[in-house]
Every structure is written in structure tokens, then in C-alpha cells.
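Residues take their numbers from the sequence shown, with the count starting at 1. Just so you know, these numbers use all the heavy atoms, side chains as well, and skip hydrogens, waters and symmetry mates.
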Amino acid sequence: MRLPAATAPRNALHGVLAATVLVLAGCSSSGPPGELEPPDLFQWAQDRFDAEEYRSAAEGFLAFMIRDPLNPLVDSAQYLAAEGQLRAGNELDAVEEFRRMATNRPNSPLADDAQFGLCRAYLAASPRVTLSQEFTRRALEECERLLQFFPTTPFREQAESLMADARAKLAEKSYEIGKYYQDRWRLPESAIVYFEKSLAEDPTEDFLPDLLLRLYRSYSVVGYETEAGVVRERLLAEFPESEETRLLLAEEDPAAADSAGDVGSPR
């Protein structure tokens with residue numbers, strides 16, 4: 001991660017931010033001392049950040065922005081406040097701070113840092129796969145926006161890795177929904193919709209063999225012979241020694257089950 005660079009602000013701070021900082025400072029005993037001058041306040045917040053006291057650091061940086069909004073270090077303070085919230089486990093607060101910076105300071109040297117921070121914060125807020133994946137989708141959108149508006153960003157490789165993680169999580173969610181329709185409700189058409197969606201979202205190999213087998217079975221039930229054949233061949237070619245391949249061959253010909261592990265192996 002690049003160290004934040006000092007730069008002059010281009011926009012006045014939003015009134016809501018000011019109110020938030022005042023509330024935080026008034027309610028938190030660990031907040032920044034009120035008598036500190038802006039340079040000392042920034043250093044106070046930096047010291048807290050370095051000591052991994054991230055919540056207090058965020059409060060200090062936000063207070064600094066209010067007390068000296070024209071200081072060249074305001075952009076750094078805004079970024080570090082957001083980063084502090086993220087490291088403190090306050091993902092949605094971090095989202096707000098990163099978004100404020102990305103929106104209000106698009107020409108800042110730290111604009112792509114803030115945009116990448118949005119992607120990281122949303123993905124950190126993403127819950128387990130059985131719950132709503134709205135934050136996962138937003139993480140993917142923010143990473144895509146980073147690559148669109150900052151094509152030369154040094155965060156490209158990291159962003160692409162996070163995008164792959166987000167897509168894999170969305171793929172697993174679709175896979176789980178498809179399983180529900182297939183196993184619980186015996187609705188192969190509905191299962192197909194979600195299994196196909198999962199495939200399009202780039203699933204990981206942790207569940208891809210089972211996904212292919214399930215999709216093959218659903219296609220077969222509804223009579224989609226061509227599609228079933230394509231999925232069957234993919235399963236056999238990519239996962240010749242998997243349990244799913246053994247099950248598939250056993251369903252087609254019980255005598256073939258014992259030789260399933262030889263499918264696709266070098267001769």
C-alpha cells in the first residue's frame with residue numbers, strides 16, 4: 001500500500017462529517033484532546049494509528065480535518081481515517097469515509113487509494129455465503145470502477161485478486177440456491193438457472209465438480225441432451241479422478257465405476 005501523500009483539499013468538508021466528528025470527540029474518552037493545535041493533532045492521530053489504536057486514530061484524523069480544512073495534509077487525514085475504521089473492524093464506517101474521499105477529491109493523488117479502499121471495505125463487510133451478498137456485489141463494482149477510471153493504478157493486481165474472490169463467493173451463493181431448488185423442491189428448471197449463473201461467475205474448484213454433476217443431472221431430467229453432454233464432457237475432462245466423475249460413470253454403467261479414476265489419465 002502506498003503511503004498517503006500530502007495534497008491540498010479541493011472541496012469543503014461536508015457538514016455531516018463535521019457533526020460526526022464532534023459527536024465522536026464528545027462521546028469517546030479515547031478521543032483526541034481538544035486543546036491540541038492541528039499539527040499536534042495530526043501527529044496524535046498518527047501515533048495512535050502506528051500503535052494500532054485505529055478507532056482513536058480515525059477520530060483524531062477526522063477532528064484534524066474539521067479544525068484545519070485547508071491544511072495540505074487533509075487528504076492524508078481523510079484516507080487514514082478511512083483506513084483506521086477498516087482496520088478497527090468498522091467496515092461500513094470505512095465505506096463512508098472512502099466513498100467521501102473518492103467522490104469529493106477525484107483529482108487527489110490518493111483517489112485510487114480511496115477507490116481501492118471501497119472495494120476492500122465492501123468485501124470485508126461481506127457476510128458468509130448463506131446470507132445476502134449485496135456487499136460482495138458492491139465490492140466487485142467498486143473494483144471494476146477502480147480499473148475503469150484508474151487503468152494505470154498500482155493496485156490493479158490486488159484489485160483483480162479481490163474481484164476473483166468476490167466472483168467466487170457470488171458463484172458459491174448461486175450454487176447453494178441451485179442445490180436448494182434441486183434437493184428441497186425438486187425443481188430442475190429453477191436449479192438450472194442458478195447453476196448456470198454459478199458457472200458464469202467463475203466458481204472455485206472446491207465445489208465445481210459437484211456443480212457440474214448437478215447441472216448435468218438437471219439438464220438430463222428436463223431433456224436438454226446437448227447441454228447435458230457438454231457438461232458431462234467437461235466434468236470428465238477437468239476432474240477425471242473426482243468422486244463426482246465416479247458417481248456419474250456409476251449411474252451410466254455400474255461396471256465403469258471401478259475404472260473411473262483412469263478416465264482422462266495418460267496412457
Worksheet item: How about Glu91 and Tyr122: do any of their side-chain heavy atoms sit closer than 4.5 Å?
Response: no
Discussion item. As an exercise, state the distance from SG of Cys119 to CD of Gln158, rounded to the nearest 0.5 Å.
Written reply: 10.0 Å
Response to the item:
Separation between OH (Tyr216) and CG (Leu235), nearest 0.5 Å, reads 10.0 Å
Worksheet item: Between Leu118 and Leu146, is any pair of side-chain heavy atoms under 4.5 Å apart?
Response: no
Worksheet item: Tell me the disulfide (SG to SG under 2.5 Å) pairs involving residues 184-254, sequence neighbours left out?
Response: none
Discussion item. Quick check on the hydrophobic clustering: are Leu249 and Leu212 connected, directly or via other members, by side-chain heavy-atom contacts under 4.5 Å?
Written reply: yes
Worksheet entry | Minimum heavy-atom distance Ala45-Ala57, with the two atoms named | O-CB, 3.5 Å
Discussion item. Is any side-chain heavy atom of Leu199 closer than 4.5 Å to one of Leu208?
Written reply: yes
Worksheet item: Can you list the steps and then say if Asp68 with Leu73 is a side chain to side chain contact (heavy atoms under 4.5 Å, CB included)?
Response: CA-CA 9 Å; Asp68 195 0; Leu73 290 173; over 6 Å; no
Item to complete: Go through the structure and list residues passing salt bridge (charged side-chain N to carboxylate O under 4.0 Å, His left out) with Arg137, not counting sequence neighbours.
Response: none
Fill in: For Ala171, side-chain contact (heavy atoms from CB on, under 4.5 Å) partners two or more places apart
Ser198, Glu201, Pro203, Phe207
Practice prompt. To the nearest 0.5 Å, tell me how far Phe98 CZ sits from Thr103 OG1.
Written response: 13.0 Å
Item to complete: For Ser220 and Ala228, work out which heavy atoms get closest and say how close.
Response: OG-CB, 3.8 Å
Item to complete: Please report the shortest heavy-atom distance between Phe49 and Tyr54, naming the atom on each side.
Response: O-CE2, 3.5 Å
Fill in: Closest contact, heavy atoms only, Gly31 versus Glu59
CA-OE1, 3.3 Å
Worksheet item: Among the clusters formed by ILVMFWY side chains lying less than 4.5 Å apart, do Val222 and Leu215 turn up in the same one?
Response: yes
Discussion item. Between Arg156 and Glu160, does the salt bridge (Lys or Arg N to Asp or Glu O under 4.0 Å) criterion hold? Intermediate values first, please.
Written reply: CA-CA 6 Å; Arg156 171 173 289 277; Glu160 290 174 343; 3.4 Å; yes
Fill in: Validation row: Leu62, Glu97 side chains within 4.5 angstrom (heavy atoms)
yes
Practice prompt. Answer yes when Arg99 and Glu96 have at least one side-chain N-carboxylate O distance shorter than 4.0 Å, and no when they do not.
Written response: no
Worksheet item: Where do Ser108 and Met101 come nearest, in terms of heavy atoms and distance?
Response: OG-CE, 3.8 Å
Discussion item. I'd like to know if Val231 and Tyr181 are part of one continuous hydrophobic network [Ile/Leu/Val/Met/Phe/Trp/Tyr, side-chain heavy atoms within less than 4.5 Å].
Written reply: no
Practice prompt. Determine, stepwise, if the pair Thr130 / Glu176 fulfils side chain to side chain contact (heavy atoms under 4.5 Å, CB included).
Written response: CA-CA 8 Å; Thr130 55; Glu176 292 293 340; 5.8 Å; no
Item to complete: Kindly indicate whether the side chain of Glu52, heavy atoms from C-beta on, has any atom under 4.5 Å from the side chain of Arg87.
Response: no
Item to complete: For the pair Leu86 and Val95, evaluate side chain to side chain contact (heavy atoms under 4.5 Å, CB included) and give the outcome as yes or no after the intermediate values.
Response: CA-CA 8 Å; Leu86 180 58; Val95 163; over 6 Å; no
Worksheet item: With a 4.5 Å limit on heavy-atom distance, are the side chains of Phe61 and Ser76 in contact?
Response: no
Fill in: Gap between atom CZ of Phe239 and atom OG1 of Thr245 - 0.5 Å precision
8.5 Å
Worksheet entry | Those residues that, when tested against Pro39, pass side-chain contact (heavy atoms from CB on, under 4.5 Å) (two or more places apart) | Glu37
Discussion item. Would you compute the distance between atom NZ of Lys173 and atom OG1 of Thr136 and round it to the nearest 0.5 angstrom?
Written reply: 9.5 Å
Discussion item. Rounded to the nearest 0.5 Å, what separates atom CG in Leu213 from atom CZ in Phe195?
Written reply: 9.5 Å
Worksheet item: Is any side-chain heavy atom of Arg105 less than 4.5 Å from a side-chain heavy atom of Leu110?
Response: no
Practice prompt. State plainly whether one hydrophobic cluster holds both Phe116 and Phe149, where clusters connect Ile, Leu, Val, Met, Phe, Trp and Tyr through side-chain heavy atoms under 4.5 angstrom apart.
Written response: yes
Practice prompt. Evaluate the criterion side chain to side chain contact (heavy atoms under 4.5 Å, CB included) for residue pair Asp40 and Trp44; output intermediate values, then yes/no.
Written response: CA-CA 6 Å; Asp40 295 327; Trp44 183 93; over 6 Å; no
Discussion item. One thing to verify: whether Glu244 and Arg217 come together as a salt bridge, which I'm taking to mean a side-chain N less than 4.0 angstrom from a carboxylate O.
Written reply: no
Fill in: Those residues that, when tested against Tyr180, pass side-chain contact (heavy atoms from CB on, under 4.5 Å) (two or more places apart)
Arg184, Trp185
Worksheet entry | Side chains of Lys197 and Ile177 in contact at under 4.5 Å (non-hydrogen atoms) | no
Item to complete: Provide the closest heavy-atom pair for Ala191 versus Gly178 in the form atom of the first, atom of the second, distance.
Response: CB-O, 3.5 Å
Discussion item. Considering only residues two or more places apart or on different chains, which pairs with a residue in residues 167-241 satisfy disulfide (SG to SG under 2.5 Å)?
Written reply: none
Worksheet item: So, Glu172 and Lys169, do they make that salt bridge, N to O below 4.0 Å?
Response: no
Worksheet entry | Within residues 124-136 or reaching into it, pairs that qualify as salt bridge (Lys or Arg N to Asp or Glu O under 4.0 Å) - sequence neighbours excluded | Glu134-Arg138
Worksheet item: Checking Glu157 side chain against Phe155 main chain: does a donor-acceptor pair fall under 3.5 Å?
Response: no
Response to the item:
Applying side chain to side chain donor-acceptor pair (under 3.5 Å) to Arg167 and not counting sequence neighbours gives none
Practice prompt. For the pair Glu142 (side chain) and Gln115 (backbone), establish whether a donor and an acceptor sit closer than 3.5 Å, ignoring hydrogens and angles.
Written response: no
Fill in: Partners meeting salt bridge (charged side-chain N to carboxylate O under 4.0 Å, His left out) with Asp210 (sequence neighbours left out)
Arg214
Worksheet, complete the sentence: Those residues at least two apart in sequence (or on a different chain) that pass side chain to side chain donor-acceptor pair (under 3.5 Å) with Glu189 are none
Worksheet item: Quick one: side-chain hydrogen bond (donor to acceptor under 3.5 Å, both in side chains) pairs with a partner in residues 223-232, sequence neighbours left out?
Response: Arg232-Glu252
Worksheet entry | Single-linkage hydrophobic cluster Tyr194~Val129, side-chain heavy atoms < 4.5 angstrom | no
Practice prompt. Please list, chain by chain and in numerical order, all residues satisfying side chain to side chain donor-acceptor pair (under 3.5 Å) with Glu243, sequence neighbours excluded.
Written response: Arg246
